[in-house]
Amino acid sequence: MSAKLKDEPLYKALASELKNGILTGRLKNGERLPSKRAMSSEKQLSLITVQNAYELLCAEGYLKSEERRGYFVSYSGKLMSDDIPPVKLPDTSKPRYDFKSSSTAAEGFPFYTWTRIMRETLSEKDTRLLAAIDPKGVYELRREISKRLAITRGIYCSPEQIIIGAGSEYLVGLVYQLLGRHSYAFENPGFTKAAKIYQRLGASLDFIATDSEGIRTDLISANKSLEVVHVTPSHSFPLGTVMSPQRRFELLEWVSDAPERRIVEDDFDSEFRYDGHSYPSLYSLDKSDSVIYMNTFTRTLAPSMRIGYMVLPPKLLAKFEQSFMFYSSTVPALEQYVLARFIADGSFERHINRMRKIYRSRRDTLIDALNAEFGGKIDILGKEAGVHLLIRLHGDLNESDIIDRAKNAGILLSGISEFTPEGSGDIIFSNALVINFAGISDSDIKAAVKLLANII
């Protein structure tokens, strides 16, 4: 019985409760109420109390009694909900062709294998899945990542150096807490989310121009206030640039010249290389223990798979273990154990190879379609790796105009201006489209490019 029933006559309290249900719309006009006996049993009240409550509501015009049928709501007046402004729901309509989102090829995800491993993990780990885990993450997953990094990126580190976190946003925040309030450099144009996180946390930002060889190390050296450089050397976004060996050497020379300097190597997209060979990671080349390596499984598995990791050099690892071991792991234990086994039994490597074939096909389809429809009016950059292309526009083709026209036709596109902070200085060029092709099929790519050519 509610507290209200204790504070006033029972029949009035019951009547107030039913009236509230009518006025809020929970009891609809014409709806039949429970019989007096049923209501008496449900509320643990006497029959006479229920009868008095029903009759009071009949007298006030909220109910009507029909012989041999019972009591019915008989109120068509103003409801309480009429005073509440309607909730504006977000627009969930999808464009016909989406070249903007960071979705992956859903048909490539190994649902059967993932489900099988999850069942096995639930059976074998049982109650251990409920226990608190190491703040750095499940050891089995850190061990498998350590093995894979040695093979694929030339990074030799112990599982103890690896920190598991819920995506790049969490890890960026952790990096800032480790390094402190410094002046941070970013590629321009570049991946703006990490920059925004650092800025919200209090960092001072400098945006350094990027050209065909990567971030301009001469501009970094000329800026004496810089202490941290956040870069994407394997495949920069959105230019698609792969940092040249010379720039890598110059950047590592810069970081080794002062003990307080650090490099954050964001290695997303490094798994998807189609042409040429991949260069060693900055972490594997560093001799000064000044590089933090970061990557996630967002691109390789799915955007909803919020599992990322970073590798700390020994100096920063000691600081983490001294100051941050009271943190809790931000990724559920079950997901970590499943991913560890997914990597250990070779399923992850087979998945990467399958996805690389899918994305190579989509990249080739997109390039062929763009060349067929636009010919010499565009340059296509960033073909070697990743799941996006940069389309540099010539002549009278205008970035913002094309994006607007495309949106009206159901095609979602991004422009390079979205990744260039206002007032951040010169960049290698402007007036370009950024086209993500991971989440769109070959047939839709052809249809979308043809439609884009028609509306232009």
Side-chain angles (χ1 to χ4, degrees), residues 168 171-172 175-176 178-270 279-283 285-286 288 290-295 310 381-382 385-386 388 390 392 414-432 434:
S168 60
L171 295 174
V172 166
V175 166
Y176 179 80
L178 277 167
L179 301 185
R181 191 187 297 269
H182 293 296
S183 181
Y184 289 69
F186 287 87
E187 297 156 324
N188 181 27
F191 182 57
T192 55
K193 181 183 285 188
K196 289 176 180 177
I197 295 171
Y198 284 122
Q199 190 173 40
R200 287 293 179 89
L201 293 171
S204 172
L205 305 186
D206 284 277
F207 295 93
I208 308 297
T210 302
D211 61 21
S212 59
E213 292 188 67
I215 196 167
R216 292 271 303 276
T217 48
D218 59 323
L219 298 179
I220 292 174
S221 298
N223 190 333
K224 301 304 180 183
S225 67
L226 288 179
E227 294 173 296
V228 182
V229 177
H230 189 117
V231 289
T232 55
S234 293
H235 188 241
S236 70
F237 186 88
L239 292 185
T241 302
V242 177
M243 187 181 289
S244 69
Q246 180 64 25
R247 291 282 172 85
R248 291 169 190 256
F249 170 77
E250 292 168 355
L251 189 57
L252 290 170
E253 190 173 43
W254 169 84
V255 80
S256 65
D257 283 345
E260 70 277 4
R261 291 176 179 171
R262 296 287 185 270
I263 295 171
V264 181
E265 179 181 16
D266 193 339
D267 207 31
F268 87 106
D269 262 4
S270 61
Y279 295 118
S281 68
L282 293 173
Y283 188 101
L285 300 172
D286 177 40
S288 62
S290 300
V291 177
I292 299 172
Y293 177 90
M294 184 185 300
N295 206 340
M310 64 180 178
L381 307 178
H388 81 277
L390 190 71
R392 187 179 184 181
S414 294
I416 196 171
S417 59
E418 295 180 37
F419 309 99
T420 306
E422 189 174 349
S424 59
D426 294 333
I427 60 173
I428 185 172
F429 60 81
S430 58
N431 200 38
V434 182

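As the structure is a computational prediction, the values presented were derived from the model and not from experiment. All values below were derived from every heavy atom in this structure, side-chain atoms included, with hydrogens, water molecules and symmetry-related copies excluded.
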| Could you go step by step and tell me if Val231 and Arg248 meet the side chain to side chain contact (heavy atoms under 4.5 Å, CB included) rule? | CA-CA 11 Å; Val231 289; Arg248 291 169 190 256; over 6 Å; no
| query | Does Val255 reach the side chain of Val229, with side-chain heavy atoms less than 4.5 Å apart? | reply | no
| query | When rounded to the nearest 0.5 angstrom, what distance separates OG in Ser290 from CG in Leu282? | reply | 11.5 Å
| task | Taking Glu265 for its side chain and Tyr283 for its backbone only, find out whether a donor-acceptor pair lies under 3.5 Å. | result | yes
| How far apart are the C-alpha atoms of Tyr176 and Arg181, what are their side-chain angles, what is the distance that settles it, and do they pass the side chain to side chain contact (heavy atoms under 4.5 Å, CB included) test? | CA-CA 7 Å; Tyr176 179 80; Arg181 191 187 297 269; 3.5 Å; yes
| query | Any side-chain heavy-atom pair from Tyr279 and Met243 closer than 4.5 angstrom? | reply | no
| Which atom pair, heavy atoms only, marks the closest approach of Gly214 to Arg247? | O-NH1, 2.9 Å
| query | How close do Asp286 and Ser288 get, heavy atom to heavy atom, and via which atoms? | reply | OD1-OG, 2.8 Å
| Given side chains that start at C-beta, do those of Met294 and Val175 come closer than 4.5 Å, heavy atoms only? | yes
| note | Looking only at heavy atoms, the pair that brings Ser212 and Thr241 closest together is O-CG2, 3.3 Å
| Taking atom OG of Ser244 and atom CD1 of Ile215, what is their separation to the nearest 0.5 Å? | 12.0 Å
| Any donor and acceptor pair, going by atom type alone, linking the side chain of Arg261 with main-chain N or O of Trp254 inside 3.5 Å? | yes
| request: Step by step, work out the side chain to side chain contact (heavy atoms under 4.5 Å, CB included) result for Asn188 and Thr420. | output: CA-CA 6 Å; Asn188 181 27; Thr420 306; 3.5 Å; yes
| query | Relative to each other, are the rings of Phe186 and Tyr184 parallel, tilted or perpendicular (30° and 60° limits)? | reply | parallel
| request: Determine the interplanar angle of the Tyr198 and His230 rings, folded into 0 to 90°, and report it as parallel if under 30°, tilted if 30 to 60°, perpendicular if over 60°. | output: perpendicular
| field | Distance, nearest 0.5 Å, that separates CG of Leu285 from CD1 of Ile263 | value | 10.0 Å
| Of Leu178, Val172, Asp267, which is the lone residue that meets side-chain contact (heavy atoms from CB on, under 4.5 Å) with Met310? | Leu178
| task | List the steps and the verdict of side chain to side chain contact (heavy atoms under 4.5 Å, CB included) for Glu253 and Thr217. | result | CA-CA 10 Å; Glu253 190 173 43; Thr217 48; over 6 Å; no
| Can you tell me if His235 uses its side chain to pair, donor with acceptor, with the backbone of Ala385 under 3.5 Å? | yes
| Nearest 0.5 Å, what's the OG-CD1 distance between Ser414 and Ile416? | 11.0 Å
| note | Between Val434 and Pro238, the two heavy atoms sitting closest are CG2-CB, 3.6 Å
| message | Working to the nearest 0.5 angstrom, can you tell me the gap between Asp257 CG and Leu252 CG? | response | 11.0 Å
| query | So which of Ile208, Thr210, Asp206 actually passes side-chain contact (heavy atoms from CB on, under 4.5 Å) with Leu219? | reply | Ile208
| task | Kindly compute the distance separating NE2 (His388) from CG (Leu239), expressed to the nearest 0.5 Å. | result | 7.5 Å
